[in-house]
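Predicted model only: the values in this text are computed from it and were never measured.
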Amino acid sequence: LLEEWYDEIKNATAVERIEEIRISVFGKKGILAAEFAKMKSAPNEEKSKIAKELNTHKSSLMELLTNKKIELQTKELEEKMKEEGIDVSLFGTKSEAGALHPVMETMDRMVEYFVALNFSVKTGNIVEDDFHNFEALNLPKYHPARDMQDTFYFKDEMLLRTHTSPVQIRTMMSQKPPIRMIAPGAVFRRDYDITHTPMFHQIEGLLVDEEGKVSFANLKYIMEDFLKYMFGDVDVRFRPSFFPFTEPSSEVDISCVFCKGDGCRVCSHTGWIEILGCGIVDPNVFEAVEYENVSGYAFGLGVERIAMLIHQIGDLRSLFEGDIKLLEQFQ
Ligand code: PHE
């Protein structure tokens, strides 16, 4: 009867089967225990012979079982490793990473330039009142220059700021000179064509110091240095211009891209694109914020115009259509 178990062990194919066999053979109610029990009723002279035989079986069965268990365990482990192993030669699944919008990425780079020069970063309000957006900036009611800014008005005389210049006023009214600030943010105008969207971004700059300390030459230097930082070697053109809040004022153009084959067209036939307005702060502005014996310069940079040139985007409006195919190109 015991002999059968040798084959049982040899034929086992799973580790669980080994455990079943162990219980059947070596367990309290197992076959060995039963055989030893039977031995008790055997005649005395045969007992030692039977005991010897049984003990021999016991140890060889145990040895066989142990070896079989190790063999099966090793085999199972190998199979498992084969199943779970990573095939490094297979293609992985790519996870999509998000990225900054090209306008935000450009704005960050612009801000970095001024932060490195110790300009502090201010934010104002997107919904503004007439005083901060116009009046204090030397743009009295009914002044024709208000037409320059196609304003979105709310019913209650509030408006969407048309430029970041109101942040100049808010900053000067809340702190004493000297001032060295920039204000990046969204602005709004009723305008829509290849180079205009109703919402766009500016970075305002304002520097105020003692009277006689700030000159147009200082302004021109920093604007040119900034443009070199953004574009490397680029042609810059200062044009005399008018803003109610600066005198003298200038608009600045840089030479623009015109690609023929692939259709990018960032500039007009003139070969220049306007990207900023600047000037020496008008005394009327200082008067409105009750600053005395100071001088300063101010500038307003168009972020989208700069992003368009850097990325050679032909139509500004495409930046705000949320077309993932376009945005993916800026990862
Ligand atoms: N606020 C002006 C505009 O939006 C730009 C500007 C800012 C010009 C500061 C001069 C000084 O057109």
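Here the NE2 atom belonging to H101 is positioned 9.5 Å from the OG1 atom belonging to T106, to the nearest 0.5 angstrom. Between atom CZ of residue R161 and atom CZ of residue F152 there is a gap of 14.5 Å, rounded to the nearest 0.5 Å. One finds the CD atom of E63 at 11.0 Å from the CG atom of L65 (value rounded to the nearest 0.5 Å).
Counting heavy atoms from C-beta on, the side chains of I169 and F245 never come closer than 4.5 Å. When side chains are defined from C-beta on, I179 counts as touching Y291, because their heavy atoms get closer than 4.5 Å. Between R17 and I21, some side-chain heavy-atom pair lies under the 4.5 Å cut-off. Between E251 and L276 the shortest side-chain heavy-atom distance does not fall below 4.5 Å. Here the side chains of Y113 and I222 are in contact, with some heavy-atom distance below 4.5 Å.
Minimum heavy-atom separation, M223 to L301: SD-CD2, 4.2 Å. Of all heavy-atom pairs spanning A136 and A288, the tightest one is O-CB, 3.7 Å.
Side-chain polar atoms of S60 and Y6 form a donor-acceptor pair below 3.5 angstrom. Neither side chain, S295 nor E211, offers a donor N or O lying under 3.5 Å from an acceptor on the other. A donor-acceptor contact closer than 3.5 angstrom is absent between the side chains of D323 and S318. In the model, H201 has a side-chain atom that pairs as donor or acceptor with a side-chain atom of E304 under 3.5 Å.
Relative to the six-membered ring of F238, K220 meets both conditions, a distance below 6.0 Å and an angle of at most 45° to the axis.
A donor-acceptor pair under 3.5 Å is absent between the side-chain atoms of D108 and the main chain of V111, judged by distance alone. In this structure, T246 contributes its side chain and F242 its backbone to no donor-acceptor pair below 3.5 Å. For S255 (side chain) and W272 (main-chain N/O), no donor-acceptor pair under 3.5 Å exists by modelled atom type.
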For K47 and N44: C-alpha separation, side-chain torsions, deciding distance, then whether side chain to side chain donor-acceptor pair (under 3.5 Å) applies.
CA-CA 5 Å; K47 267 186 188 164; N44 272 347; 3.2 Å; yes
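When each of V103, T197, L327 is paired with L319, the side chain to side chain contact (heavy atoms under 4.5 Å, CB included) condition holds for V103 and for no other.
Proximity of the aromatic rings of F188 and F200 is defined here by a centroid distance below 6.0 angstrom, and this criterion is not met.
For N67, the side-chain hydrogen bond (donor to acceptor under 3.5 Å, both in side chains) criterion is met by no residue, not counting sequence neighbours. Considering only residues two or more places apart in sequence or on other chains, E71 meets the salt bridge (Lys or Arg N to Asp or Glu O under 4.0 Å) condition with K68. Checked against side-chain hydrogen bond (donor to acceptor under 3.5 Å, both in side chains), Y192 has no partners two or more places apart in sequence or in another chain.
Under the 4.5 Å side-chain heavy-atom criterion for Ile, Leu, Val, Met, Phe, Trp and Tyr, I306 and F114 are members of the same hydrophobic cluster. Grouping the Ile, Leu, Val, Met, Phe, Trp and Tyr side chains by contacts below 4.5 angstrom, directly or via other members, places V187 apart from M104.
Between R317 and D315, at least one side-chain nitrogen of the basic residue sits less than 4.0 Å from a carboxylate oxygen of the acidic one, meeting the salt-bridge criterion. A salt bridge links K141 with D130: at least one charged nitrogen is closer than 4.0 Å to a carboxylate oxygen. Salt bridge E19/R22: present, at least one basic N to carboxylate O contact under 4.0 Å.
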